[in-house]
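Working notes, beginning with the structure itself.
Sequence lines set the chain letters: A, B, ... in the order given, protein chains first and strands last, and positions in each chain run from 1.
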Protein chains: 2
Amino acid sequence: MAKAEDIESVTAQTGRPLGPRALKTRERLMDATAELLEERSLLDISVVDIARKVGTSPATFYHYFKDVEEVTVHLADRAADEMPAVLDLIDGSWEGDAGLARARNIVDAFISHWDTHHAVLQLRNLGADRGDKRFIRIRRDALGPVLDRFAEQISEAQKAGHLPASLHPYIAAAALGSILERLSAYHKELTHFGASREDVVETCAILIFRTLTGTNS
Amino acid sequence: MAKAEDIESVTAQTGRPLGPRALKTRERLMDATAELLEERSLLDISVVDIARKVGTSPATFYHYFKDVEEVTVHLADRAADEMPAVLDLIDGSWEGDAGLARARNIVDAFISHWDTHHAVLQLRNLGADRGDKRFIRIRRDALGPVLDRFAEQISEAQKAGHLPASLHPYIAAAALGSILERLSAYHKELTHFGASREDVVETCAILIFRTLTGTNS
DNA sequence: CTCCATATTTGACATATCGTCAAATATGGC
DNA sequence: GCCATATTTGACGATATGTCAAATATGGAG
């Protein structure tokens with residue numbers, strides 16, 4: 001599970017490893033990009049914009065990154081660091097009310113995660129769906145463990161006869177992941193329908209709980 | 001429900017309505033953009049690329065569109081024209097096996113729809129999630145009627161006591177929409193897990209059926 | 001503290017795109 | 001065949017891209 005942000009892999013475009021000063025500059029370039037992504041589309045962000053914001057020259061940018069998209073790859077990597085915390089919420093019993101509470105916590109964590117990294121996560125999925133290996137790996141590393149646990153839980157529910165055998169556990173798990181990601185991505189738009197964030201959490205939690213356990217409570 | 005592609009609204013950047021020759025040129029520019037979107041990211045598509053592909057000059061492009069993103073708006077509009085066919089699949093009884101078969105057809109239609117317009121639909125959602133009014137309207141027009149029907153069906157299942165009252169019908173419907181969209185977007189990646197397209201359709205159909213009716217069959 | 005090897009940054013440049021005109025050209029009704 | 005107007009484009013200044021070789025900063029050895 002080698003992560004792209006492992007120290008040894010942080011190099012200049014030349015392949016050379018970076019010293020402390022360079023690391024700081026690279027960091028500032030990434031931060032500036034993340035901030036610009038908050039306010040406008042990737043389409044409207046140029047290398048010059050980023051360089052200007054950091055108070056450096058475009059040439060410096062190109063010393064560290066091939067293009068702006070490559071910065072988003074590393075930003076996605078950085079966002080993925082939060083996922084272990086979500087995994088902690090998954091492990092444990094899914095029986096009854098405890099299971100439902102667990103589902104609520106997961107949904108809540110996902111929404112917060114997306115609220116914090118909206119633009120970057122959206123670009124990650126865009127890239128991954130387009131077939132970009134870098135983004136596919138990052139998404140798999142982040143989401144895979146979650147889906148694995150979901151799939152395992154679904155399998156158990158199937159063995160207990162609570163869910164039909166024709167359900168493909170991993171695909172069903174991916175479907176739950178889809179709900180989490182998609183609703184997290186646009187839950188704010190849903191509030192225009194008179195639905196609060198709590199409503200989103202509650203409804204989403206119920207659907208996940210029901211699909212993981214096959215029970216109705 | 002005024003659509004952006006209504007004839008009267010197809011104008012040059014100056015606001016002037018377009019004659020037959022101009023309409024054809026505009027069409028070719030849109031087609032060229034759609035083709036380019038098949039092979040590379042919007043980031044890597046310049047106005048010059050599109051103009052060259054059509055065998056015209058950049059100035060001509062700017063006569064019809066503000067920028068490349070505006071073309072994608074109209075492409076998204078065009079893709080939305082297919083949705084009425086999906087709506088036909090939704091209406092009718094959701095009881096028993098007929099309901100499950102109905103779900104299968106819907107999933108199948110969605111996956112085909114996304115396979116055909118992948119890049120454009122992805123950009124539509126990207127724009128809409130970012131708050132762009134143009135894309136929000138297009139998505140709402142396309143998905144709203146589907147979600148409305150889902151929500152209505154869920155309400156009925158609640159009244160019949162098959163689903164918990166704490167479920168917010170419209171959010172649950174949006175969750176189903178999320179499954180449809182997200183799995184349609186990356187179902188090809190799932191097949192690397194030994195899951196066929198049929199598996200995706202079947203699993204997705206079961207989940208939708210169960211959530212719409214609250215029954216287990 | 002000074003010097004120097006090397007890490008880091010940048011100015012300068014050739015190339016390309018952007019976006020806007022006013023001017024050129026095509027069209028179709030008379 | 002003429003002309004009003006619909007459509008296209010050549011030309012251009014401004015801005016961005018991407019690559020050097022050269023300039024500057026740093027920190028460890030002496």
Name every donor-acceptor pair, under 3.5 Å, that has one atom in a side chain of residues 54-61 of chain A and the other anywhere in the protein, sequence neighbours excluded.
{"residue": "Thr56(A)", "atom": "OG1", "partner": "Thr60(A)", "partner atom": "OG1", "Å": "3.0"}
{"residue": "Ser57(A)", "atom": "OG", "partner": "Ala59(A)", "partner atom": "N", "Å": "3.4"}

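- Atom CD of Glu70(A) sits in a crowded spot, with more than 12 heavy atoms from other residues, nucleotides or ligands closer than 6.0 Å.
- Sorted by first and then second residue, the salt bridge (charged side-chain N to carboxylate O under 4.0 Å, His left out) pairs with a member in residues 39-48 of chain A read Arg40(A)-Asp49(A); sequence neighbours excluded.
- Partners of Glu27(B) under the salt bridge (charged side-chain N to carboxylate O under 4.0 Å, His left out) rule, at least two apart in sequence or in another chain, are Arg78(B).
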Which nucleotides of nucleotides 15-20 of chain C have their base under 4.0 Å from a protein heavy atom (B), which only their sugar-phosphate (S), and which neither (-), written as one string 5' to 3'?
-> --SSBB
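- Heavy-atom contacts of chain A under 4.0 Å fall on DNA chain D between two terminal nucleotides, which in 5' to 3' order are dA16(D) to dT26(D).
- A distance-only check finds no donor-acceptor pair linking the side chain of Asp77(A) to the backbone of His74(A) [under 3.5 Å].
- A donor-acceptor contact shorter than 3.5 Å is absent between the side chain of Asp31(B) and the backbone of Arg28(B).
- Residues passing the side chain to side chain donor-acceptor pair (under 3.5 Å) test with His117(A), sequence neighbours excluded: Glu82(A).
- For the pair Arg102(A) (side chain) and Ser93(A) (backbone), a donor-acceptor distance under 3.5 Å is present.
- Within the nucleic acid shown, Tyr64(B) comes within 4.0 Å of sugar-phosphate atoms alone, with no base atom in reach, counting heavy atoms only.
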